[in-house]
Trainee: 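Got a structure here, written out as structure tokens. Questions coming.
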Amino acid sequence: MLKACLNGARMRDEHPAVPVTPAELAADAARCAALGAIAVHMHPRDGAGRESLHPSAVAAALDAIRAARPGLPVGVSTGAWIEPDPAARVAAVRAWRVLPDFASVNAHEPGAEAVAAALHERGVMVEAGLWTVDAVRAHTRWRVPAGRILIECMAEERMAALADAAAMLAALPPRVSGGPPVLLHAEGPATWAVLAEAVRRGLHRRVGLEDTLSLPDGSTAPDNAALVSAALAAGAP
């Protein structure tokens, strides 16, 4: 599976094609899905362009994407930088009137398991975001099932990111039949090396302006669609 990560925390001053409004997110999601992305991950924004977990912001983005591409699985972030108070993150999830198909929860953040439990209670698939070996170990103690494991390599240097990927994957409990699939990705300069490693290992992967502004040759990507096309080419037989 290739997931398109459309915007993350990036703003227009970093790249003019970063989608911010519901209409922009919907157009990008439809383009990426038409190319072969199986799902999209996005960070809804409020009227000022700030990342938001508010029910109205989440609903507006989800409704727009689903109208543009019915049936496309859509996920959001619950990162603590969006709402630092764990109780407020739980309350936001419980207040959502339109639900995403999945949502990522970073296991190292305070209150992560409570946020995951609130998502699970509402029928939203939990993606466990694991940034370190310690986070992998912390996640094994969760009582909330995850529908997908995200191994997220935050080191910018290529070899460091690949070493982190190997260490975190080795720390995962042995996968049993029917267990959650694993998605491996990186950010910044290590994005393409780690994506190639995900292909080599037969793992799910993701790409988009959230993770990188550059194509594999180092040139600036014009948009999310170009990044998805490059990622699919990298994974072609």
Side-chain angles (χ1 to χ4, degrees), residues 1-11 14-15 18 32 37-43 51 75-82 102-109 112 126-140 146 148-175 179-221 223-224 226-236:
M1 182 194 79
L2 176 67
K3 181 198 296 182
C5 52
L6 301 179
N7 58 354
R10 291 195 194 274
M11 299 299 288
E14 295 180 76
H15 193 293
V18 172
C32 292
I38 302 301
V40 296
H41 167 81
M42 55 85 186
H43 294 209
E51 295 173 88
V76 302
S77 174
T78 63
W81 63 90
I82 303 172
F102 55 90
S104 59
V105 181
N106 299 318
H108 66 278
E109 293 175 348
V126 175
E127 292 186 313
L130 310 180
W131 295 18
T132 64
V133 170
D134 284 345
V136 174
R137 293 172 180 148
H139 175 255
T140 63
R148 185 156 46 235
I149 302 297
L150 308 180
I151 297 296
E152 307 191 79
C153 304
M154 297 303 173
E156 291 197 352
E157 197 276 322
R158 174 180 176 273
M159 295 308 296
L162 288 170
D164 288 347
M168 286 189 279
L169 289 167
L172 285 175
R175 185 181 171 195
V182 175
L183 185 152
L184 173 64
H185 81 98
E187 296 186 353
T191 295
W192 293 104
V194 172
L195 186 142
E197 180 67 5
V199 171
R200 187 185 74 80
R201 289 176 177 263
L203 302 175
H204 293 334
R205 57 203 193 278
R206 83 176 202 183
V207 77
L209 291 173
E210 175 175 354
D211 285 352
T212 183
L213 305 180
S214 301
L215 293 168
D217 64 4
S219 62
T220 299
D223 52 27
N224 277 310
L227 291 168
V228 167
S229 293
L232 290 168

Trainee: Decide yes or no for Pro181 and Ile149: does some side-chain heavy atom of the first lie under 4.5 Å from some side-chain heavy atom of the second?
Mentor: no
Trainee: Provide the closest heavy-atom pair for Trp131 versus Met168 in the form atom of the first, atom of the second, distance.
Mentor: C-SD, 3.3 Å
Trainee: State, yes or no, whether a side-chain contact exists between His185 and Glu210 at a heavy-atom distance under 4.5 Å.
Mentor: no
Trainee: For the residue pair Trp81 and Glu109, confirm or rule out a side-chain donor-acceptor distance under 3.5 Å.
Mentor: no
Trainee: Distance-only criterion, 3.5 Å: show the donor-acceptor pairs between side-chain atoms of residues 153-163 and protein atoms not counting sequence neighbours.
Mentor:
| residue | atom | partner | partner atom | Å |
| --- | --- | --- | --- | --- |
| Glu157 | OE1 | Met159 | N | 3.0 |
| Glu157 | OE1 | Ala160 | N | 2.7 |
| Glu157 | OE2 | Met159 | N | 3.2 |

Trainee: Determine the sole option in Asp211, Leu184, Ile151 for which the side-chain contact (heavy atoms from CB on, under 4.5 Å) test with Val194 is passed.
Mentor: Leu184
Trainee: Can any side-chain N or O of His204 pair as donor or acceptor with the backbone N or O of Val182 at less than 3.5 Å?
Mentor: no
Trainee: Kindly indicate whether the side chain of Leu209, heavy atoms from C-beta on, has any atom under 4.5 Å from the side chain of Asn7.
Mentor: no
Trainee: Return each pair, listed once, that meets side-chain hydrogen bond (donor to acceptor under 3.5 Å, both in side chains) where at least one residue sits in residues 190-200; pairs must be two or more places apart or across chains.
Mentor: Glu197-Arg200, Glu197-Arg201
Trainee: Under a 4.0 Å threshold between the charged nitrogen and the carboxylate oxygen, would Lys3 count as salt-bridged to Glu127?
Mentor: yes
Trainee: Treating His15 as the side-chain partner and Ala221 as the backbone partner, does any N or O pair qualify as donor plus acceptor under 3.5 Å?
Mentor: yes
Trainee: Look only at the side chain of Asn224 and the backbone of Gly208, and say whether a donor-acceptor pair between them is shorter than 3.5 Å.
Mentor: no
Trainee: When you measure from the side chain of Asp217 to the backbone N and O of Ser219, does any donor-acceptor pair fall under 3.5 Å?
Mentor: yes
